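Inspection log for the structure reproduced underneath, given as structure tokens.
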Number of protein chains: 2
Amino acid sequence: MKTTIKDVALQANVSISTVSRIINNQPGYSEATKEKVEKVIKEMGFHPNGLARGLIHKKTHTIGVLLPNIISSFSSKLLNGIEESAHENHFSTIVCNTGPLGNRTLEYLSVLGEKKVDGIILTSSPLKEEYYKEIKALDIPVILLSSMSYRYSVPYVKVDDKQAAYHAASYLIQNGHTKIAMISGSQDDELAGLPRYEGFIKALGDHGLSVNENIIVYGDFGFQSGRTSMEQLLPFRDEFTAIFVASDDMAMGAISVASEHNLKVPDDFSVIGYDNTNIAEMAIPPLTTVAQPLREMGKVAITKLIEMINNQDTIASAIMAHEIIERKTVKKIIST
Amino acid sequence: MKTTIKDVALQANVSISTVSRIINNQPGYSEATKEKVEKVIKEMGFHPNGLARGLIHKKTHTIGVLLPNIISSFSSKLLNGIEESAHENHFSTIVCNTGPLGNRTLEYLSVLGEKKVDGIILTSSPLKEEYYKEIKALDIPVILLSSMSYRYSVPYVKVDDKQAAYHAASYLIQNGHTKIAMISGSQDDELAGLPRYEGFIKALGDHGLSVNENIIVYGDFGFQSGRTSMEQLLPFRDEFTAIFVASDDMAMGAISVASEHNLKVPDDFSVIGYDNTNIAEMAIPPLTTVAQPLREMGKVAITKLIEMINNQDTIASAIMAHEIIERKTVKKIIST
DNA sequence: CTGAAAGCGCTTACAG
DNA sequence: CTGAAAGCGCTTACAG
């Protein structure tokens with residue numbers, strides 16, 4: 001039997017109210033009773049029941065985080081920032097792995113609703129109408145992380161993917177590359193696929209380069225699809241000197257296929273990735289890539305979410321700065 | 001204002017008790033009232049309040065998971081198995097990143113206590129006396145994952161590290177290597193440092209090989225320490241043909257330093273890692289390593305924990321099978 | 001088949 | 001400074 005506030009009150013010979021005041025640092029007791037009660041609390045190892053408190057305050061100090069792929073280095077870093085910042089603010093975080101396509105999102109939303117979380121972070125996936133409706137019905141503050149919605153006005157924190165891709169391509173161009181391939185995500189993917197593709201195309205255009213459709217191929221951001229994408233690119237080997245790859249994992253896949261064909265990066269061609277996951281720095285040679293401040297983004301999301309929880313009102317979104325991390329996979333080319 | 005059971009009762013013109021019976025599938029109402037009430041529930045979008053339920057049942061259907069390093073691929077895989085299996089069993093999981101040395105463990109234990117989680121999984125860190133005491137005081141079932149305790153009788157699920165290390169070394173020996181270096185974790189680390197070291201030493205002994213202290217160096221399992229360890233090994237370059245590295249991250253560090261010195265794996269020396277993290281398969285060449293069934297281990301931990309939650313009694317521990325994943329970093333040597 | 005009442009463990013006016 | 005009572009949103013005997 002866990003000891004309750006009643007047990008403490010009995011033992012200390014005071015009322016429940018008094019014990020409550022003391023554990024909540026509210027005025028209304030003498031120093032003497034305070035000491036007496038605190039002694040009993042120590043002795044009995046009393047911890048107030050969070051459920052009872054939550055029931056009264058309508059606050060659980062718990063937030064729910066929905067992630068499509070908990071196992072990826074990308075999600076881990078976001079989660080790391082979220083969890084750390086949540087803990088600093090005395091919030092616990094419930095993780096929900098919604099699956100690759102976010103299939104379990106609705107399920108999780110419903111349990112988060114019953115558990116009365118104070119807020120929800122939806123990461124890396126589009127805000128579908130059904131999600132939005134459920135969240136509205138639940139009447140819980142939400143923030144989108146590494147995602148956004150044109151349709152619904154929900155605050156978000158993310159990087160500008162189009163701009164980041166634009167910079168990645170520009171970086172290649174500044175290093176003398178004019179024939180540039182791309183391994184892109186699907187154009188159906190409004191979050192990470194399309195915008196990176198568009199940024200790439202725009203950079204080429206702005207620098208007076210033409211687009212060569214032969215050397216734009218599509219994967220799903222995963223290692224394996226990087227491999228197959230590279231195989232599609234191989235026949236056009238002499239049409240490019242560099243590749244912009246929309247994820248580090250795909251970049252690693254591409255490089256490993258190249259290496260199997262005795263093609264060396266960056267000597268035979270340059271590569272710039274996207275994400276700056278752990279692998280990027282461990283790769284041989286270390287991968288030049290576009291970094292998103294993932295931990296930082298997680299922290300900002302929490303800060304904003306808590307603000308929403310405390311003052312009901314809407315909050316501005318944040319576009320976080322990306323950065324190109326120069327490592328060893330892009331070679332400066334002297335124009336021929 | 002969220003709608004409560006009272007609102008539903010009022011609207012449907014029945015008592016609270018009846019509504020309660022209906023949402024809990026308990027006998028005691030006519031088909032007619034059931035339909036009426038369910039209609040109202042839909043209309044009002046009523047979801048029972050989990051806090052109130054938890055207060056009564058003394059069950060929250062929530063478990064707490066303590067991880068020392070949420071961001072590592074190792075922890076992510078464990079967490080993935082845990083979360084998936086928890087969700088299947090209708091449990092939510094609160095993640096707690098205790099920090100590299102588990103410094104925040106006590107803090108988290110206390111909040112998990114207040115939140116009345118039904119069970120706790122402590123992963124990858126030793127069960128210190130203070131943790132054990134707190135957990136006992138909280139009176140919540142615990143299971144150790146990728147960890148164990150000699151001192152306290154707490155169920156655990158892990159791999160036999162000593163045996164796995166023994167196999168890794170034996171694998172090298174079977175491939176003709178007789179001069180084998182090791183990059184180990186600290187011998188002060190009873191969980192992953194000492195046992196892997198011991199398994200390595202025992203394998204050498206059992207195969208009649210002598211131990212060369214020059215080529216046993218110590219890191220902290222991280223990429224950087226793999227780099228510095230390799231630098232310590234370099235002066236003794238001709239005293240080994242293979243290295244057993246106690247983590248994949250360190251193996252990657254070692255290989256990258258080697259590559260900077262124009263040493264190629266496996267042509268110049270072989271490497272076998274430990275963990276089978278994502279990087280292992282993305283590496284060039286892909287890393288031969290010892291795999292732990294991490295997702296599976298997470299699932300087993302949940303299964304056992306839930307069993308403990310339901311029938312108070314103690315549970316047997318599980319030693320999971322490890323496996324050597326043969327990839328491309330170990331070369332068969334023909335004895336000279 | 002249905003409802004009134006007590007209770008889960010707390011907090012918060014209210015009264016003294 | 002202190003306590004009795006009502007209430008947070010439910011469930012569960014108990015009575016009818």
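Within every chain, numbering begins at 1; the chains are lettered A, B, ... in the order of the sequence lines, protein sequences first and strands thereafter. Given the structure is predicted, the values throughout are model-derived calculations rather than measurements. Values below: every heavy atom of this structure, side chains too, minus hydrogens, waters and symmetry copies.
- Here the C1' atom of nucleotide dC8(C) and the NZ atom of Lys116(B) are 12 Å apart, to the nearest Å.
- Note on Lys39(A) versus Glu43(A): salt bridge recorded, some NZ/NE/NH1/NH2 to OD/OE distance being below 4.0 Å.
- With respect to the salt-bridge test (charged N to carboxylate O, under 4.0 angstrom), the residues Glu38(A) and Lys42(A) do not qualify.
- The distance from atom CD of Glu114(B) to atom P of dG9(C) is 15 Å, rounded to the nearest whole Å.
- Applying the 4.0 Å criterion to OP1 and OP2 of dC1(D), one finds that Ser30(A) has every side-chain N and O outside that range.
- You'll find that the side chain of Val14(B) is closest to dG3(C), out of dG3(C), dG9(D), dT11(C).
- An OP1 or OP2 oxygen of dT2(D) is reached within less than 4.0 angstrom by no side-chain nitrogen or oxygen of Ser15(A).
- OP1 or OP2 of dG9(C) has not a single side-chain nitrogen or oxygen of His47(A) nearer than 4.0 Å.
- Looking only at atom types and distance, the side chain of Ser92(A) has a donor-acceptor partner in the side chain of Lys115(B) under 3.5 Å away.
- A close approach under 4.0 Å does not occur between any side-chain nitrogen or oxygen of Arg53(B) and OP1 or OP2 of dG9(D).
- Atom NZ in Lys6(B) sits about 15 Å away from atom P in dT11(D), given to the nearest Å.
- dA15(D) is paired with dT2(C) under the Watson-Crick or G-U wobble criterion, all donor-acceptor distances under 3.5 Å.
- Note: CG (Leu55(B)) to P (dC8(C)) measures 10 Å, nearest angstrom.
- Mapping Thr18(B) and Ile5(A) onto DNA chain C by nearest heavy atom places Thr18(B) at the nucleotide closer to the 5' end.
- Proximity note for Arg21(B) (side chain, C-beta onward) versus dT2(C), dG9(C), dG7(C): the nearest is dT2(C).
- Among the heavy atoms of the strands, none lies under 4.0 Å from Leu51(A).
- Atom-to-atom, NZ of Lys58(B) to P of dC10(D) comes out at 18 Å; the value is rounded to the nearest Å.
- To the nearest angstrom, P of dC8(D) lies 18 Å from CD1 of Ile16(A).
- Atom pair Asp7(A):CG and dC8(C):P shows a separation of 11 Å (rounding to whole Å applied).
- For Asn24(A) and dT11(C), the shortest distance from a side-chain N or O to OP1 or OP2 is below 4.0 Å.
- No side-chain donor from either of Ser17(A) and Ser20(A) sits under 3.5 Å from a side-chain acceptor of the other.
- At the phosphate of dT12(D), OP1 or OP2 sits under 4.0 Å from a side-chain N or O atom of Gln26(B).
- Screening Leu127(A), Val157(A), Leu191(A) for a side chain to side chain contact (heavy atoms under 4.5 Å, CB included) with Leu144(A), the sole residue that qualifies is Leu127(A).
- Across the protein-nucleic acid pair, His57(B) atom NE2 and dG9(D) atom P stand 18 Å apart, rounded to whole Å.
- Side-chain N/O atoms of Ser17(B) include none lying less than 4.0 angstrom from OP1 or OP2 on dT12(D).
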